[in-house]
Amino acid sequence: MKDRIYVTDLKNHVGSSVTLYGWVAKARPTGKVAFITIRDGSGTCQCVLEKNETTESFFDVAKKLSQESSFTITGTPCLEERAPGGVEVRDITACNIIGESADYPITPKAHGVDFLMKQRHLWFRSQRQWHILRIRATIVDAIRQFFNGEGFKLIDTPIFAPAIGEGASTLFEVDYFDEQVFLAQTGQLYVEAACMAHDKVYCFGPTFRAEKSKTRRHLTEFWMVEPEMAFCEMDEVLELAENFVCSVVQRILKDNRDDIEAIGRDIASLEAIQKPFHRLRYADAVEMLHGPKAKELLENDLTEKTAEIEGLNNKITELEESGKTAKKQWQKEKAAQDIQTAREERTELEEQIANIPTHMKLAAEFQFGSDLGGSDETIISRLHDRPVFVTHYPREVKAFYMRVDRDDDRVVENFDLIAPQGYGEVIGGSMREENHDILLERIKAHSLPVENFEWYLDLRRYGSVPHGGFGLGVERTVAWLCGLKHIRETIPYPRMLGKIYP
RNA sequence: UCCUCGAUAGCUCAAUUGGUAGAGCGAGCGGCUGUUAACCGCUAGGUCGUAGGUUCGAAUCCUACUCGGGGAGCCA
C-alpha cells in the first residue's frame, strides 16, 4: 500500500488528494450526504460524500458501508470546524469495500460486561479500549527504558518452575513429562541469583496465580517487572521504586496526553504523582487505622454518600415524571436511560455504604501482626495526597526470603507501595535475607522443602551480599494511571477465574 | 471456600408486585444536503437461564442446579 496515508498524518496533506485504508467506525448515510468515520489504527477521521455526477458511481457503495467493513477511500483532507477533530476528508474520488461486515455485534449503544468480555477480540477496536491499550503499550516501553537506562540487565526467568515462590496454594500445576511443575508466580528468586552476576538486573514477563479471586483487582495471568540490586540498602530500593514510578508517569504524560484525555482521566492527579512518596512504618499505619482521622474519614463518607443517594433518588423521581410527560419518543428514551444510569450509581453507592461499618470495624480492631486488608489500604492511601510506602511488616505475614530487621526482629525490611484513590498495592518489595543461617531457619519455619532451596542457599554460601528489589504489577499500574474501575480492561486478553475465551 | 446481587428479543433494559410479554438500539425497507450515540415512518424478531414444586393461573412465589456481576480471604 505505497500510496497509503494514515489519519494522524492528514493534517500534513491538507488540500491534496490522499488514500486512506481502514474500517468503518461509524456510518451515517443521509439522502444526499453520507458521513463515514474511518478508523485506521492511527486514529479516526470523518469522510464526507456528497451525491453529485462525479460521485454517482460509488455513492451507493458508500451507503452500503456497514459498521466495521474494511475499505479504502480517496479524497482531499480539509480543515472543518463541524468535523470531530477538526479535519475531514471531502471531494471523494474513490471508495472501495475490501471486506464486508454484517451484523457487527458491538453496536454504538450500551453493552454489558459479560457480553463485551466474550467479544474481547472485537471490543478492543472500540475507542476507549483502543486508548487504554495504547497507554499500556507506552507504560511497558517506559518500564524497559527506565531499567535499561539505569544500567539494569534484563534477565529472562523461567515460566516452568518447581514449587518455589511465595505460597504453594496459588500455583497452576502443569504436567511436565510426568513431573509435577508449576507456572511461575514470580521470577524473583532467579533474578536474585542473576543479581550476583550482573549486580543490577530485572525480569519482565507474565506470571500466574491460581487465586480464586473474583474482584476488580485480580487476574490469573498478569505481567510483572522485578528489579533486583546488589550492595544496597532499603532506602535505595525505595528511591529506585519512587524514581521508576515517576518516570513511567512522566512518560505517559508526554506521549499519551490525547489518550489520557480521551478516556477522561484527570491529568492533574497524574501530574501530582511526584517524589518523595510518603513513607510509613507498618506500626504507624496500625496507629493511623486506630486513630480519629480514619474514623472521621469513614464517617464523612457515610454522610456524603447518604446525601448522594438522596440526590439520586430525587433525580430518579424527577426523571420518571419527565419520562411520563414527555411528548417525543426520544425524550422518553433519554429519561429511561438516565434513570438506568442513576439506578446503577445508586446500587454502587448503597454497596459502598453497606461496607463502611465493616471497614470501620476492621480498621478499629486491626491487630499488630496481621496483614493489611484492601479496605485498610484504601483508608491509608486516602489519608495521604501521594503514593505511600508502608514498610516493616510483621515477619509472620510476609515471605520467608525477606530480611529480618536487625533492630526489631518482629518485623522484616519490606515495603508495599499503595497507590492513591484506592487503587491499592501496585508494588511489593523487600531486602532479601543474606545470612545463610537465618534464611535456612526461615525456610524451615515456613515448612518449605529445604532440598528445593539448596541452589538459593548457595547464593548465601558464595559471596553473599545485602540485596533487595521489588515487583510492580503492570495491570494494576495501568488501571491506576488510566483511572479504570476494573483490571480486565488493562490487558488485551484478560485471564480471570472462569474466563479463558477468547 | 464463604457472603451478596442478578439471568426476559441479537444488545441494553421494562412489565403497575400472581392475571393476554413491552420499549429503545441493532437488522430489513422507505424518507431526509452537515451528521456528531443523527432524525422520522413501517416490518420482522420471545420455550422469560435449566429442572422440579405451589396455584384456577407463574417472568413474578418456593427448592435445587448452571452461568455471570460485586465483595471477603489471598495478593501485584
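Residue numbers begin at 1 in each chain, while the letters A, B, ... track the order of the sequences. Keep in mind that the numbers below use all heavy atoms, side chains included, and drop hydrogens, waters and symmetry copies.
- Sequence order on RNA chain B of the closest nucleotides to Gly373(A) and Val48(A) puts Val48(A) first from the 5' end.
- Arg217(A) comes within contact range of at least one nucleobase, with a heavy-atom separation under 4.0 Å.
- Within 4.0 Å of Gln46(A), counting heavy atoms only, lies at least one base atom of the nucleic acid.
- Qualifying ring-ring contact (aromatic ring centres under 6.0 Å, His included) partners for His384(A), counting only residues two or more places apart in sequence or in other chains: His278(A).
- Put simply, the side chain of Tyr423(A) does not reach to within 4.5 Å of the side chain of Thr477(A), judged on heavy atoms.
- Rounded to whole Å, atom P of A44(B) lies 18 Å from atom CG of Asp103(A).
- Of all the heavy atoms in Phe470(A) and Pro227(A), the pair that sits closest is O-CD, 2.9 Å.
- Between the side chain of Arg28(A) and the base of C39(B), no donor-acceptor pair of N or O atoms lies under 3.5 Å.
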For RNA chain B, the dot-bracket pattern of Watson-Crick and G-U pairs whose distances stay under 3.5 Å, | for other-strand partners: (((((((..((((.....[..)))).(((((.......))))).....(((((..]....))))))))))))....
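- For RNA chain B, the neighbouring residues in residues 485-492 of chain A, judged by any heavy atom under 4.0 Å, are His486(A), Ile487(A), Arg488(A).
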Nucleic acid footprint by protein, nucleotides 5-13 of chain B - heavy-atom cut-off 4.0 Å, B for base, S for sugar-phosphate alone: ------SSS
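- The side chain to side chain donor-acceptor pair (under 3.5 Å) search around Asp259(A) returns His131(A), Arg134(A), Asn256(A), not counting sequence neighbours.
- Among G34(B), A76(B), G70(B), the nucleotide with an atom closest to any side-chain atom of Glu50(A) is G34(B).
- Scored by the salt bridge (Lys or Arg N to Asp or Glu O under 4.0 Å) test, Asp114(A) finds Lys118(A) as partners (sequence neighbours excluded).
- Taking atom CD1 of residue Ile36(A) and atom C1' of nucleotide U35(B), one finds them 11 Å apart after rounding to whole Å.
- Here the side chain of Lys499(A) is nearest to one of C75(B), G34(B), G69(B), namely G69(B).
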